[in-house]
Amino acid sequence: MVQLHVKRGDESQFLFTTTVDVPVEELTKQVTAVYNGRLKVDRICSAPNEKMKQVLQKTIEEAKSLISKKQVQANVCVTLEMVKEALDQLRGAVMIVYPMGLPPHDPIRLEFEDREDLSGTQAALQLIADSEAQLWWAAKELHQGKKLTEYVGKNEKTKIIVKIQKRGQGAPAREPVISPEDQKQMMMYYSRREEELKKLQKADDDSYLDSEWADRHSLKKQFQGLSDIKWGPR
């Protein structure tokens with residue numbers, strides 16, 4: 001299976017598995033569904049009041065861990081089924097807390113019923129509608145009407161970084177040649193290397209003291225004809 005590391009901008013979102021034969025249009029819808037689904041889980045987890053949070057805390061933590069960005073570091077791929085599982089966990093916990101149901105206009109109820117109104121909010125800026133979604137790889141847009149294999153080849157073990165964004169935003173910034181962590185390690189290496197070179201340079205600078213030309217009495221010995229005299233028994 002091909003593994004996609006999905007980002008928005010420079011920020012990691014989740015890992016996603018697919019196949020090289022998947023049509024780009026279908027892949028875009030799948031990735032967008034997971035992307036938007038994760039946002040819904042986050043919104044629901046942040047909506048309960050303090051009283052509800054105390055009761056739902058464990059469920060909230062479990063749901064958020066399923067769709068967490070930390071899954072990238074754990075090398076766990078997120079699926080739409082995992083997003084649905086997180087939503088089902090939250091829905092079940094809310095039903096236990098409120099067996100008679102939530103009020104009609106409660107934001108959590110509206111989220112579960114897909115009737116949330118996010119207009120004018122920061123959350124609305126994060127969402128990407130299916131019709132507006134674009135996937136990019138290596139500064140190339142993955143065009144609908146083609147298959148993924150036309151871009152990445154036929155190797156099912158391919159791992160690529162894909163960026164999701166809205167249409168009309170232009171090509172996203174290229175990925176750095178090396179990761180920030182690798183860059184940090186390189187800087188540390190070169191810093192240590194520079195210190196070592198300074199120590200070696202200092203050692204080389206002092207080594208001249210053992211040379212004949214560095215002897216302060218060398219010139220006087222030459223005038224006195226003593227420069228070639230060796231003392232001690234022969």
Side-chain angles (χ1 to χ4, degrees), residues 3-18 27-136 161-169 172-173 179-181:
Q3 185 182 91
L4 309 183
H5 180 176
V6 180
K7 290 187 174 185
R8 186 168 189 188
D10 293 329
E11 188 175 2
S12 293
Q13 300 294 321
F14 55 93
L15 300 180
F16 185 83
T17 56
T18 185
L27 176 62
T28 303
K29 288 182 178 179
Q30 292 172 349
V31 171
T32 304
V34 173
Y35 173 81
N36 288 330
R38 290 174 64 255
L39 293 177
K40 178 182 284 289
V41 172
D42 276 335
R43 290 196 303 272
I44 293 174
C45 289
S46 61
N49 56 39
E50 288 303 317
K51 182 180 179 181
M52 288 180 66
K53 280 185 178 180
Q54 293 177 6
V55 179
L56 300 175
Q57 190 60 42
K58 183 177 179 181
T59 304
I60 288 174
E61 291 176 357
E62 291 176 352
K64 292 184 73 172
S65 67
L66 278 174
I67 52 90
S68 171
K69 293 177 181 177
K70 293 181 180 179
Q71 298 282 44
V72 174
Q73 285 76 36
N75 200 34
V76 175
C77 294
V78 178
T79 64
L80 187 56
E81 286 70 26
M82 292 170 65
V83 173
K84 291 178 179 178
E85 180 183 347
L87 291 172
D88 287 342
Q89 288 179 352
L90 292 169
R91 186 180 289 105
V94 169
M95 289 177 65
I96 293 174
V97 177
Y98 291 92
M100 300 302 292
L102 290 167
H105 300 293
D106 187 275
I108 296 179
R109 178 171 177 172
L110 294 178
E111 288 282 1
F112 284 137
E113 295 176 355
D114 293 327
R115 296 190 294 114
E116 67 275 14
D117 181 9
L118 303 177
S119 56
T121 67
Q122 182 64 31
L125 300 177
Q126 296 176 305
L127 282 173
I128 303 178
D130 284 348
S131 59
E132 298 178 340
Q134 279 183 323
L135 296 182
W136 291 75
I161 294 177
V162 167
K163 294 194 175 183
I164 184 172
Q165 64 179 36
K166 294 180 181 179
R167 293 188 182 279
Q169 293 184 328
S179 68
E181 181 60 29

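- Annotation: side chain of Lys70 is not in contact with side chain of Val76 (no heavy-atom distance under 4.5 Å).
- Residues satisfying the side-chain hydrogen bond (donor to acceptor under 3.5 Å, both in side chains) criterion with Arg109, sequence neighbours excluded, are Glu113.
- Taking CZ of Arg38 as the start and CZ of Arg43 as the end, the distance is 12.0 Å to the nearest 0.5 Å.
- Here CD1 of Ile44 is found 12.5 Å from OG1 of Thr59. Values are rounded to the nearest 0.5 Å.
- With rounding to the nearest 0.5 Å, the separation of CZ in Arg115 from CG in Leu110 is 5.0 Å.
- In this structure, Ser65 and Gln71 approach most closely via the heavy-atom pair O-NE2, 3.2 Å.
- Within the 4.5 Å cutoff, side-chain heavy atoms of Ile60 are placed close to those of Pro48.
- Smallest separation of non-hydrogen atoms from Ala133 and Arg167: O-NH2, 3.8 Å.
- If you take CD on Glu111 and CG on Leu102, they are separated by 12.0 Å, rounding to the nearest 0.5 Å.
- The shortest distance between side-chain heavy atoms of Tyr35 and Gln13 falls below 4.5 Å.
- Considering only heavy atoms from C-beta on, Asn75 comes within 4.5 Å of Leu15 through its side chain.
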**Asked** Given Trp136 and Ile164, is the side chain to side chain contact (heavy atoms under 4.5 Å, CB included) satisfied, shown in steps?
**Response** CA-CA 7 Å; Trp136 291 75; Ile164 184 172; over 6 Å; no

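- Within a 6.0 Å sphere centred on NZ of Lys29, other residues, nucleotides and ligands contribute 12 heavy atoms or fewer.
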**Request:** List the steps, then state whether side chain to side chain contact (heavy atoms under 4.5 Å, CB included) holds for Glu62 with Leu90.
**Result:** CA-CA 9 Å; Glu62 291 176 352; Leu90 292 169; over 6 Å; no

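- With rounding to the nearest 0.5 angstrom, the CD atom of Gln126 is 8.5 Å from the OG1 atom of Thr121.
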**Request:** Carefully, step by step, assess Phe16 and Thr79 under the rule side chain to side chain contact (heavy atoms under 4.5 Å, CB included).
**Result:** CA-CA 7 Å; Phe16 185 83; Thr79 64; 5.7 Å; no

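- When every heavy atom of Leu56 is checked against every heavy atom of Ala93, the shortest pair comes out as CD2-CB, 3.3 Å.
- In this structure the side chain of Val72 reaches within 4.5 angstrom of the side chain of His5, judged on heavy atoms.
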**Message:** Run the side chain to side chain contact (heavy atoms under 4.5 Å, CB included) test on Arg8 and Lys166 for me, step by step, so that the C-alpha distance in whole Å, both residues' side-chain angles and the decisive distance to 0.1 Å come before the verdict.
**Reply:** CA-CA 10 Å; Arg8 186 168 189 188; Lys166 294 180 181 179; 4.1 Å; yes

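- Side-chain contact between Leu135 and Lys163 is absent, with no heavy-atom pair separated by less than 4.5 Å.
- Checked against side chain to side chain contact (heavy atoms under 4.5 Å, CB included), Gln122 has the following partners two or more places apart in sequence or in another chain: Leu125.
- Proximity of a side-chain donor or acceptor of Thr32 to a complementary backbone N or O of Thr28 within less than 3.5 Å is detected.
- Counting only heavy atoms from C-beta outward, the side chains of Gln165 and Glu132 never approach each other to under 4.5 Å.
- Within a 6.0 Å radius of CG in Asp10, no more than 12 heavy atoms belonging to other residues, nucleotides or ligands are found.
- Among all heavy-atom pairs drawn from Lys7 and Ser12, the shortest one is CE-OG, 3.7 Å.
- Residue Ile67 forms a side chain to side chain contact (heavy atoms under 4.5 Å, CB included) with just one option from Leu39, Asp42, Leu87, and that option is Asp42.
- Interatomic distance, Gln3 CD to Ile161 CD1, rounded to the nearest 0.5 Å: 10.5 Å.
- The two residues Val78 and Phe14 come nearest to each other via the heavy atoms CG2-CB, 3.9 Å.
- In plain terms, the two heavy atoms of Val41 and Ala86 that are nearest each other are CG2-CB, 4.0 Å.
- With a 4.5 Å cut-off on side-chain heavy atoms, Lys69 and Glu11 count as touching.
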